[in-house]
Amino acid sequence: HGVRTVTALPLSHRALGLIGVADVVEFHREPDGERAFPIEYKRGRSKAHRADEIQLCAQALCLEDMLGRPVPAGALFYGKI
């Protein structure tokens, strides 16, 4: 189908000093290679602060550094809406 799913993927960005683990990263096949799409799952609801969004952006920065390709989008899923 063109999508490879990896769970609990270790991430890092040496220059920024970031380390972590992505809940899920989908790798979508494209003509020029694979495009990473990080997905972060949260048990509760979205919060007034933007920490969840910042976490997802940090994951995208790590993936860009590790893969040498842009990561233009990702997704947050909350257990309670």
Side-chain angles (χ1 to χ4, degrees):
H1 167 256
V3 178
R4 179 171 59 96
T5 302
V6 179
T7 59
L9 181 67
L11 301 173
S12 66
H13 190 301
R14 184 164 288 182
L16 296 177
L18 297 173
I19 58 169
V21 178
D23 289 342
V24 174
V25 179
E26 291 181 350
F27 290 92
H28 296 255
R29 285 200 192 117
E30 296 188 350
D32 61 341
E34 288 186 316
R35 174 92 48 203
F37 186 84
I39 303 170
E40 184 66 20
Y41 290 89
K42 300 294 182 185
R43 291 183 190 161
R45 296 182 160 95
S46 64
K47 300 153 195 82
H49 58 72
R50 314 275 313 257
D52 296 341
E53 294 168 64
I54 292 167
Q55 181 182 6
L56 186 63
C57 287
Q59 291 177 5
L61 288 170
C62 289
L63 286 163
E64 287 180 348
D65 185 61
M66 293 168 60
L67 304 172
R69 294 181 53 101
V71 178
L76 286 166
F77 286 99
Y78 291 95
K80 296 181 181 178
I81 296 176

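Note that these values count all heavy atoms, side chains included, but never hydrogens, waters or copies made by symmetry. Position 1 is the first residue of the sequence; numbering continues from there.
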- prompt: What residues, two or more places apart in sequence or in another chain, satisfy side chain to side chain contact (heavy atoms under 4.5 Å, CB included) together with Y41?
  reply: D23, V24, I39, F77
query: For A73 and F37, which heavy atoms make the closest approach, and how far apart are they?
result: O-CD1, 3.5 Å
- prompt: Are the side chains of L63 and P38 in touch, meaning some heavy atoms are under 4.5 Å apart?
  reply: yes
- prompt: Among all residues two or more places apart in sequence or in another chain, which pass the side chain to side chain contact (heavy atoms under 4.5 Å, CB included) test with I19?
  reply: S12
field: Donor-acceptor pair, side chain of R69 and main chain of E34, under 3.5 angstrom
entry: yes
query: Is there a chain of hydrophobic side chains (I, L, V, M, F, W, Y, each step under 4.5 Å between heavy atoms) that links V25 to V71?
result: yes
- request: Could you grab the distance from atom CG of L9 to atom SG of C62, nearest 0.5 Å is fine?
  value: 10.0 Å
Reported CG-to-CG distance for the pair L11 and L67, which is rounded to 0.5 angstrom: 9.0 Å
query: Between H28 and E30, does any side-chain donor sit less than 3.5 Å from a side-chain acceptor?
result: no
message: Can you pull out every side chain to side chain donor-acceptor pair (under 3.5 Å) where at least one residue sits in residues 49-66? Sequence neighbours excluded, please.
response: E40-Q55, E40-Q59, K42-Q55, K47-D52, R50-E53, D52-Y78
- prompt: L16 and H13: which non-hydrogen atoms are nearest, and at how many Å?
  reply: N-ND1, 3.1 Å
- prompt: About how many Å separate CZ of R43 and NZ of K80, when rounded to the nearest 0.5 Å?
  reply: 11.0 Å
- line: Between A36 and F27 the two heavy atoms that sit nearest each other are CB-CE2, 3.9 Å
